[in-house]
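Notes follow once the structure below has been shown.
Note that the structure is predicted; figures quoted are calculated from it, not measured.
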Amino acid sequence: MKEGTVAFTYKGEQFETYYKVFGDLANRTRPPVVGLHGGPGLVHQGIAPLADLAGAHSIPVILYDQFGNGRSSHVRDKPAEFWSIDLYIDELENLLAHLGVQDAFDIVGHSWGGILGAEFAVRRQPKGLRHLVVADSLASSELWGRSVGQLMATLPKDVQEGLAAGMKEPKKYREALRHLHAKHGCLKRPIPKDFEYALDQVFGEDGDPTVANAPILVKWSIIDRLHLIEVPTFVINGRLDIAQDFVVAPFFERIRKVKWVTLENSSHTPFFEDDRDRFMQLVSDFCKLEA
């Protein structure tokens, strides 16, 4: 594993993006997979198992902490409008260029990372993007909110109140999320340390909730733009996922070249759960398909 930072200039200011590379980029025989973690506001540990692809499948894997998170630069004093999808697309393009992979790469985006990957494909039409994997993601904030509302209704009242409070009461919200995640977020027991670590970067005593609090996805939807995604796209969700079928269905209905698999033994993080090996095999096989 190789790690490092890359300088990232945005609106005249210089920041840093922290990244890790698993596998051999220099002598690669397959395009690398770039993993986009969830949130907004989490860190690369939330998708750490993607590194499996570098071992069993000989696919180099690039993971990084998105700006404002983890070991990348943090800024807490920016106005709400500073935080945007285009900011994170610019950061992604900068990282791809720095690592010299912009001409041929695949993306695996998880949850918010799936949004980022889909928006990248729509807004920039990157010539080097060969395959897009949208894992446990959402086609609109409204669909996500509806799903969370349905799942909340099955939980105790105090948990419902904590989820409804959201980031206005982060400690209460974090505890409520534990209950929701126990059924729909991560089924693996004991709970993987990387999963917990990722959440602690927002909710822990030393966490930074700046990005999680930013209004990046308020009233967001990509549904009416999905037809603009031209690369082969693979939609994955779990049977017990927060991203229920109706949340991801627009990807399947509106993207021209698309495949959809629901993993029966999984929730929101199949790569941590019993379907881990199958998830990796499915992604590896899909990324072999001719673009």
Given side chains that start at C-beta, do those of [X] and [Y] come closer than 4.5 Å, heavy atoms only?
X      : Y      : answer
Leu143 : Pro250 : yes
Phe105 : Leu129 : yes
Ile255 : Val235 : no
His179 : Pro156 : no
Val133 : Asp106 : no
Phe120 : Leu96  : yes
Phe8   : Asp90  : yes
Val134 : Val248 : no

Give me the ring orientation class for [X] and [Y]: parallel if the planes are under 30° apart, tilted from 30 to 60°, perpendicular past 60°.
X      : Y      : result
Phe271 : Phe279 : perpendicular
Tyr18  : His44  : tilted
Trp83  : Tyr88  : parallel

Looking only at heavy atoms, which two atoms of [X] and [Y] are closest? And how far apart?
X      : Y      : value
Leu289 : His131 : O-NE2, 2.6 Å
Ile223 : Ala139 : CG1-O, 3.6 Å
Ser284 : Ile59  : OG-CD1, 3.9 Å
Val21  : Leu25  : CG1-CG, 3.7 Å
Gly100 : Arg28  : O-NH2, 3.5 Å
Ala104 : Pro32  : O-CD, 3.4 Å

Heavy-atom donor-acceptor pair, [X] side chain to [Y] backbone, under 3.5 Å:
X      : Y      : answer
Lys257 : Glu230 : yes
Asp136 : His110 : no
His184 : Leu240 : yes
Gln125 : Leu228 : yes
Asn94  : Thr9   : no
Thr269 : Ser267 : no
Glu273 : Leu187 : yes
Gln66  : His37  : yes
Gln102 : Gly128 : no
Thr154 : Leu151 : yes

### Task
May I have the step-by-step check of side chain to side chain contact (heavy atoms under 4.5 Å, CB included) for Leu263 and Leu282, ending in yes or no?
CA-CA 11 Å; Leu263 296 171; Leu282 287 168; 3.8 Å; yes
How long is the straight-line distance from [atom2] of [Y] back to [atom1] of [X], given to the nearest 0.5 Å?
X      : Y      : atom1 : atom2 : answer
Tyr10  : Thr17  : OH    : OG1   : 12.5 Å
Glu81  : Leu87  : CD    : CG    : 12.5 Å
Asp52  : Arg276 : CG    : CZ    : 4.0 Å
Ile222 : Ser141 : CD1   : OG    : 11.5 Å
Arg178 : Cys186 : CZ    : SG    : 12.5 Å
Leu226 : Ser221 : CG    : OG    : 7.5 Å

### Message
side chain to side chain contact (heavy atoms under 4.5 Å, CB included), that's the test. Do Glu91 and Phe15 meet it? Break it down for me.
### Response
CA-CA 10 Å; Glu91 180 186 36; Phe15 307 105; over 6 Å; no
Is it the case that one hydrophobic cluster holds both [X] and [Y], taking links as side-chain heavy atoms less than 4.5 Å apart, direct or via other members?
X      : Y      : answer
Leu92  : Ile85  : yes
Val33  : Val43  : no
Phe82  : Val218 : no
Tyr197 : Phe22  : no
Trp220 : Trp112 : yes

### Task
Would you check if the distance from the ring center of Phe203 to the ring center of Tyr173 is below 6.0 Å?
yes
With a 6.0 Å cut-off (strictly less than), is the heavy-atom count around [atom1] of [X], excluding the residue itself, greater than 12?
X      : atom1 : result
Arg256 : CZ    : no
Arg254 : CZ    : no
Lys171 : NZ    : no
Asp77  : CG    : yes

Using a strict threshold of under 4.0 Å (side-chain N to carboxylate O), is an ion pair present between [Y] and [X]?
X      : Y      : value
Asp86  : Arg124 : yes
Glu196 : Lys193 : no
Glu142 : Arg146 : yes

No-hydrogen, no-angle side-chain donor-acceptor test under 3.5 Å, [X] and [Y]:
X      : Y      : answer
Thr5   : Arg71  : no
Thr262 : Asn237 : yes
His74  : Thr210 : no

### Task
Determine, step by step, whether Asn69 and Asp208 satisfy the side chain to side chain contact (heavy atoms under 4.5 Å, CB included) criterion, reporting the C-alpha distance in whole Å, the side-chain angles of both residues, the deciding distance to 0.1 Å, and the verdict.
CA-CA 7 Å; Asn69 309 307; Asp208 182 355; over 6 Å; no
### Message
Would Ile242 and His181 count as a side chain to side chain contact (heavy atoms under 4.5 Å, CB included) here? Give the steps.
### Response
CA-CA 9 Å; Ile242 302 169; His181 287 161; 4.2 Å; yes
